[in-house]
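Values below: all heavy atoms of this structure, side chains included; hydrogens, waters and symmetry mates excluded. A note on names: the letters A, B, ... follow the listed sequences, proteins ahead of strands, and every chain is numbered from 1.
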Protein chains: 2
Amino acid sequence: MTAPAARPRVTLADIATACDLSRATISLVLRGSPLVNAETRARVEAELKRQGYVYHRGAANLRRKVSSAVALVINDLSNPFFAEFAAGVDEALADAGYVTLLGSTGESVERQQAVLASLLEHDPAGVILSPAEGSDAARLRTLLGTRTPMLVFNRELGQDWDFLSLDNVRGARLATEHLIAQGHRRIAFFGGHQDSSSCRQRREGYRAALAAAGIALEPQWQIECAPTRLEAAGQTAALFVRDPAPTAAVCYNDAVALGLMAGLSSRGRRAGHDFAVTGFDDIPEASVSAPPLTTIAVDPRARGRQAAELILRRLHDPSTSPIATVAPARLLVRASSLVVLSGDAA
Amino acid sequence: MTAPAARPRVTLADIATACDLSRATISLVLRGSPLVNAETRARVEAELKRQGYVYHRGAANLRRKVSSAVALVINDLSNPFFAEFAAGVDEALADAGYVTLLGSTGESVERQQAVLASLLEHDPAGVILSPAEGSDAARLRTLLGTRTPMLVFNRELGQDWDFLSLDNVRGARLATEHLIAQGHRRIAFFGGHQDSSSCRQRREGYRAALAAAGIALEPQWQIECAPTRLEAAGQTAALFVRDPAPTAAVCYNDAVALGLMAGLSSRGRRAGHDFAVTGFDDIPEASVSAPPLTTIAVDPRARGRQAAELILRRLHDPSTSPIATVAPARLLVRASSLVVLSGDAA
DNA sequence: CTGAAAGCGCTTACAG
DNA sequence: CTGAAAGCGCTTACAG
């Protein structure tokens, strides 16, 4: 907290005194009321500028019992996906006249509780939460109460909060169908953890595509690993323990896919030449890796704007029942999945 | 703005009534005053929990004439460098009990003015600004006045604001010295534009290292290009128009270095084998490119924490004169610069 | 140890 | 068209 400012703040009352008017009239000018005389208005506006008046929205909000802030709590701002999301949220909130109260949790549930508690003291009209892994919905509910609407992004939490999710099922299904269309029949699902809901959903899409094509799912080609490049590279060998090995892999996300591509090269194989790889997310590196990565784009900035719009709608309409929205996923075909299969491999 | 909440807010007065005490006493409990009787305190705390009271910091701040917010205005949140910076700022501000008011400008000067004006109405104790390209210091000064302290990051704006910059000179010097120590004498400076202050500073470090080693600077090896991968790849040929050609290049940044490496391979050369390359920034891709890129790390998250600490210090001590801080730069040696020179090349 | 009163910067009926 | 008065949720001397 700060010590009181040396220079005292310019206040409505100062302007009123200088113009020899009441505070009420100044307030009307500020809020653009048509009630005030044009000449009076001009005089007041000149004086506002002259004294460098800055509106104290907090005081106004207190009096009016409204809030012009929305809290945005992000699990991992150093992930470009969430950074883009945050940029989209902030953009749309600003356009609607709201200010963003930022909190980042670094995937820590404890920090998430602390950050949210602190932000709530600043009286946000609503909250947008991209939950930390392992978030406890009941604890969040206790913190939030029922007064503050929340939109949950990306990871489902249950409760009666609005929810914006990526279309994980459809995305993975698109990737898998693409590989099948290329002639692959032996397709692994590579990376991610079963206990993550997004991983479960992506596997579901993968399974659905296989099933629709009449391809049996091979349990030994369902390979779990932490969703990082390094872990993925380390797990590459698991794809090739048995013969025949898969000819393609749908990866949990781009990081995993890039790790797998590295793992492939250190085994003398090359993605896009003798093995097909797809990712998920379309991180910036995906377009410049060697080879460029076929992946699923979810446009995080657009998702951010969408999240902002959803919470704003909820603020205006608190009574309707919770809304679950699924954002579209788009297949981007690049070289990593374009393999000419030998007769043997297919 | 929101319509008034349906459920009325729980207030100090509600707790006071329920406990049959005055609001003053409740306030003392909230602020942890030792004046209040232990039994009374316990009773109050139970009631606070029971009613789900949440402190209205805005009201308290208004009364106390303090602020517990800091505005953070970022030019490009979709750049991982600035996203990390923002995460570091938020982390440190939260630890100090402040909340972050986020604004992103997308490198637009007009948006920067609008965003800042809006944030200032929320009465931040201070501002951290990573300026949009082409920012107008005088216009910013008009907006800010002299009441609100600001810390400027990365791009110098003049005025009497505190300033945190990266050590471009020292970073480029470290990279150049490293190449010299590897035996190189024909070292180019590749990429960036003369009109960017960071590019000028990096060239200055490069020149200083050459001068200290008694190596003459060759004007034809100072090659400008836009700081993107694509432009850099396209300019690669410019290094080899004359004989002898350089054996190494200090690149303006990592994007340029990665582009140069691509340009080299399409000419049948390989960074780290027959040509040495260094970058600047340590973007995530630098560690996973082929070969991994020797570069200068500036640790944006640590810079964010540092920025937060600097503005907090300024809040506590408004009178001291403006402070310019230069953040350290660290050389990360990786394979792209490790070339065994043939007798001829050296 | 607790309460009554004034006030932070604003807005909003209500008069005139 | 403008002003007087009350009040948003809190804190802070000042009494007692």
Side-chain angles (χ1 to χ4, degrees), chain A residues 1-5 7-44 48 51-69 120-125 147, chain B residues 1-5 7-44 47-48 51-68 120-125 147:
Chain A
M1 315 297 142
T2 3
R7 189 97 65 98
R9 164 179 210 105
V10 176
T11 228
L12 265 198
D14 299 323
I15 307 297
T17 308
C19 294
D20 204 33
L21 291 165
S22 75
R23 283 143 64 219
T25 303
I26 312 298
S27 176
L28 291 176
V29 172
L30 284 177
R31 318 200 63 239
S33 161
L35 290 179
V36 0
N37 180 302
E39 191 267 340
T40 310
R41 167 184 303 282
R43 215 152 48 87
V44 169
L48 288 167
Q51 296 205 31
Y53 172 79
V54 6
Y55 189 61
H56 193 309
R57 195 169 291 280
N61 286 349
L62 175 60
R63 176 57 232 258
R64 298 180 58 209
K65 290 170 154 287
V66 299
S67 162
S68 56
L120 287 171
E121 295 189 346
H122 288 85
D123 190 34
R147 279 178 43 83
Chain B
M1 313 296 143
T2 2
R7 188 97 66 98
R9 164 178 209 106
V10 176
T11 229
L12 266 198
D14 298 324
I15 308 297
T17 308
C19 294
D20 203 34
L21 290 165
S22 76
R23 283 143 64 220
T25 303
I26 312 298
S27 176
L28 292 176
V29 170
L30 284 178
R31 319 202 60 239
S33 161
L35 291 179
V36 3
N37 181 301
E39 190 267 342
T40 310
R41 166 183 305 283
R43 217 152 46 87
V44 169
E47 188 62 22
L48 288 167
Q51 296 205 32
Y53 172 79
V54 8
Y55 189 61
H56 193 311
R57 195 169 291 280
N61 287 348
L62 175 60
R63 175 59 231 257
R64 296 181 59 208
K65 290 171 154 284
V66 299
S67 162
S68 55
L120 286 171
E121 296 190 346
H122 288 85
D123 190 34
R147 279 177 44 81

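Residues B:L30 and B:L48 meet the side-chain proximity criterion, which asks for heavy atoms closer than 4.5 Å.
Not a single side chain to side chain contact (heavy atoms under 4.5 Å, CB included) links B:A42 to another residue, sequence neighbours left out. Not counting sequence neighbours, the partners of A:A60 by the side chain to side chain contact (heavy atoms under 4.5 Å, CB included) test are A:Y55. Taking A:R23 as the reference, nothing meets the salt bridge (Lys or Arg N to Asp or Glu O under 4.0 Å) condition, with sequence neighbours excluded. By the side chain to side chain donor-acceptor pair (under 3.5 Å) test, B:H122 is found to be paired with A:S68, residues two or more places apart in sequence or in another chain being considered. With sequence neighbours left out, B:L28 forms a side chain to side chain contact (heavy atoms under 4.5 Å, CB included) with B:S33, B:V36. Evaluation of the salt bridge (Lys or Arg N to Asp or Glu O under 4.0 Å) rule for A:R31 yields no partner, not counting sequence neighbours. With sequence neighbours excluded, the residues that form a salt bridge (Lys or Arg N to Asp or Glu O under 4.0 Å) with A:R43 are A:E39. Partners of A:S22 by side chain to side chain contact (heavy atoms under 4.5 Å, CB included), not counting sequence neighbours, listed by chain and number: A:A24, A:T25.
In 5' to 3' order, the nucleotides of DNA chain C bounding all contacts with chain B (an atom under 4.0 Å from a heavy atom) are C:dC1 to C:dG9.
Base-pairing analysis of DNA chain C finds the following stems of at least three consecutive Watson-Crick or G-U pairs, with both pairing distances under 3.5 Å: C:1-3 with D:14-16, C:5-12 with D:5-12, C:14-16 with D:1-3.
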I'd like a table of donor-acceptor pairs (distance under 3.5 Å, sequence neighbours excluded) in which one partner is a side-chain atom from residues 9-16 of chain B, with atom names and distances.
{"residue": "B:R9", "atom": "NH1", "partner": "A:D123", "partner atom": "OD1", "Å": "3.1"}
{"residue": "B:R9", "atom": "NH2", "partner": "B:V54", "partner atom": "O", "Å": "3.3"}
{"residue": "B:D14", "atom": "OD2", "partner": "B:T11", "partner atom": "N", "Å": "2.8"}

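Contacts between residues 17-31 of chain A and DNA chain C, defined by a heavy-atom separation below 4.0 Å, involve A:R23, A:A24, A:S27, A:R31, listed by number.
Residues A:Y55 and B:A38 each lie close to DNA chain C; by heavy-atom proximity, the contact nearer the 5' end of the strand is made by B:A38. The 5' end of DNA chain D is approached more closely, in terms of each residue's nearest nucleotide, by A:P34 than by the other of A:P34 and A:R63.
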